[in-house]
Engineer: 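Structure in structure tokens, see below.
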2 protein chains.
Amino acid sequence: MDGVSESTPRSSRAQQRIDTQERILTAARQLFADAGYDRTTIRAIAAAAQVDAGLVMHYFGSKEQLFALATRTETPLVTGETPEEVAEQLLGVLRQSLIEEPIGSLAVLRSMLTHPDAAAEVGNAHAERVKVSKAIPGADGNLRAAVVSAILIGVVLGRHLIKLDELADADPEQIVELLRPAVLSLTKADQPE
Amino acid sequence: MDGVSESTPRSSRAQQRIDTQERILTAARQLFADAGYDRTTIRAIAAAAQVDAGLVMHYFGSKEQLFALATRTETPLVTGETPEEVAEQLLGVLRQSLIEEPIGSLAVLRSMLTHPDAAAEVGNAHAERVKVSKAIPGADGNLRAAVVSAILIGVVLGRHLIKLDELADADPEQIVELLRPAVLSLTKADQPE
DNA sequence: GCTTTCATTCAACGGATGTAGAACGGTTCA
DNA sequence: TGAACCGTTCTACATCCGTTGAATGAAAGC
């Protein structure tokens with residue numbers, strides 16, 4: 001039954017390699033999020049992972065490739081049908097991002113602004129817009145979706161990165177409540193005047 | 001009447017020094033906005049200003065001080081009394097920031113996310129929040145003001161820095177229209193249910 | 001005209017960084 | 001037990017950066 005019992009011992013070497021790689025990735029994610037791409041050095045990542053800098057290179061090839069792997073993030077789902085459902089799902093994503101720092105996204109966001117190649121990742125990290133735009137009716141659905149994304153990015157950024165005092169200290173639920181009308185006004189189609 | 005006619009000749013040395021300093025400051029502003037603090041080198045600024053790197057140091061002391069001087073920006077006024085007036089003024093600031101890149105602000109915004117000391121500048125650059133919070137009634141006026149600031153930052157950032165396609169290409173006026181209800185919902189005080 | 005002043009350039013240093021390759025030491029396997 | 005393997009560290013190199021101090025040459029003042 002257990003075909004790997006003898007040929008691949010679960011610990012000691014194969015596993016330790018994987019553990020070490022994961023330790024490096026975790027340290028990289030955290031440091032990239034805290035300090036951005038440029039200010040994060042391979043040596044610092046190695047130190048945080050209690051490893052030599054050369055090993056990081058050996059495993060990941062270059063700082064560039066390590067960054068790409070460390071900041072890969074799965075995009076949240078937006079599957080709602082009605083504007084209200086879409087709005088609630090977006091607010092749910094926001095709530096989660098306010099409660100705990102979305103480390104991968106922060107790393108990308110922070111780095112994107114100084115590191116050219118990171119910008120490409122944003123289309124990926126926030127590809128939710130694509131789905132959002134399909135869920136928002138009207139000819140300007142795409143634009144509305146982009147504006148909503150920008151708003152959410154701005155608020156998350158204001159809380160975790162810029163750390164605007166009021167935003168950083170406030171109750172997440174209160175922020176969500178304040179934003180509900182704003183998000184709703186954007187997920188609903190134009191109403192003729 | 002003209003006390004400076006002879007004692008301070010307007011050109012040649014005093015003036016050329018001022019001109020050169022201004023040329024350096026302009027180049028610095030642009031480069032900091034384009035590439036952020038870390039990726040902008042003194043040598044690149046000097047080259048853009050057609051000057052030696054040593055001269056930049058000689059005039060501004062350090063990269064740090066140059067950054068502080070180059071990104072100093074005057075804060076827009078928000079003096080409205082009613083929620084509607086405040087909202088319109090905020091939307092006006094947004095409109096202007098969408099039409100032409102606010103280079104100083106972009107430089108701060110971009111650098112702030114990787115350069116620690118730049119963060120302090122944000123309180124200055126967006127000190128408008130203080131005035132906004134006074135113009136927004138209710139116990140949560142401060143929080144509302146912060147949320148509005150975050151939203152505006154997010155949208156400007158989405159257009160000029162992240163360059164979300166739809167946001168970058170859209171008509172500024174259309175974006176402003178989309179955001180009016182959102183901003184209005186935040187400048188108005190809570191209405192009891 | 002000679003000296004002083006000063007805007008500007010030149011050359012260099014010390015440190016940090018990404019990266020490459022040799023070397024080490026324990027594990028695996030015959 | 002001895003040889004091959006491999007995870008890991010050590011050492012070093014080339015480059016780039018911020019910064020400095022001496023050198024240069026033209027303008028200013030006497």
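Convention: sequence-line order gives letters A, B, ...; per-chain numbering from 1.
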Engineer: A/Asp19 CG to D/dC6 C1': how many Å, rounded?
Structural biologist: 16 Å
Engineer: Please report, rounded to the nearest Å, how far the C1' atom of D/dC16 is from the CD1 atom of A/Ile42.
Structural biologist: 16 Å
Engineer: Taking only heavy atoms on the protein side, list every residue of residues 25-37 of chain A lying under 4.0 Å from any atom of DNA chain C, sorted numerically.
Structural biologist: none
Engineer: I need the CZ-P distance between B/Arg39 and D/dG18, as an integer number of Å.
Structural biologist: 13 Å
Engineer: Separation of A/Arg43 atom CZ from C/dT17 atom C1', in whole Å?
Structural biologist: 6 Å
Engineer: Do the side chains of B/Ile153 and B/Val176 join up, straight or via other hydrophobic residues, at under 4.5 Å, putting them in one cluster?
Structural biologist: yes
Engineer: Can you tell me the distance, in whole Å, between the CG atom of B/Leu66 and the P atom of D/dT19?
Structural biologist: 10 Å
Engineer: Please identify each residue that fulfils side-chain hydrogen bond (donor to acceptor under 3.5 Å, both in side chains) with A/Gln174, with sequence neighbours left out.
Structural biologist: none
Engineer: For B/Asp169, enumerate each residue passing the side-chain hydrogen bond (donor to acceptor under 3.5 Å, both in side chains) test, keeping only those at least two apart in sequence or located in another chain.
Structural biologist: none
Engineer: List the residues meeting side-chain hydrogen bond (donor to acceptor under 3.5 Å, both in side chains) with B/Gln21, not counting sequence neighbours, and say none if there are none.
Structural biologist: none
Engineer: Without decimals, in angstroms, what is the distance between B/Met57 CE and D/dT20 P?
Structural biologist: 5 Å
Engineer: How many whole angstroms separate atom CG of A/Asp38 from atom P of D/dC16?
Structural biologist: 15 Å
Engineer: Going by side-chain contact (heavy atoms from CB on, under 4.5 Å), name the residues that satisfy it together with B/Glu177, two or more places apart in sequence or in a different chain.
Structural biologist: B/Glu173, B/Arg180
Engineer: What side-chain donor-acceptor pairs closer than 3.5 Å can you find for residues 47-62 of chain B, not counting sequence neighbours?
Structural biologist:
residue	atom	partner	partner atom	Å
B/Asp52	OD2	B/Gly54	N	2.7
B/Ser62	OG	B/Glu64	N	3.4
B/Ser62	OG	B/Gln65	N	3.2

Engineer: With sequence neighbours excluded, tell me which residues meet side-chain contact (heavy atoms from CB on, under 4.5 Å) with B/Ser97.
Structural biologist: B/Val93, B/Pro102, B/Val156
Engineer: Dump the pairs, protein N or O against N or O of nucleotides 7-11 of chain D, anything under 3.5 Å, distances to one decimal.
Structural biologist:
residue	atom	partner	partner atom	Å
D/dG7	OP1	A/Arg17	NH1	3.2
D/dG7	OP2	A/Arg17	NH1	2.5
D/dT8	OP1	A/Thr20	OG1	2.9
D/dT8	OP2	A/Tyr59	OH	2.6
D/dT9	OP2	A/Asp52	N	2.8
D/dC10	N4	A/Asp52	OD2	3.4

Engineer: Listed by chain and number, what are the side-chain contact (heavy atoms from CB on, under 4.5 Å) partners of A/Ala44, not counting sequence neighbours?
Structural biologist: A/Leu31, A/Thr41
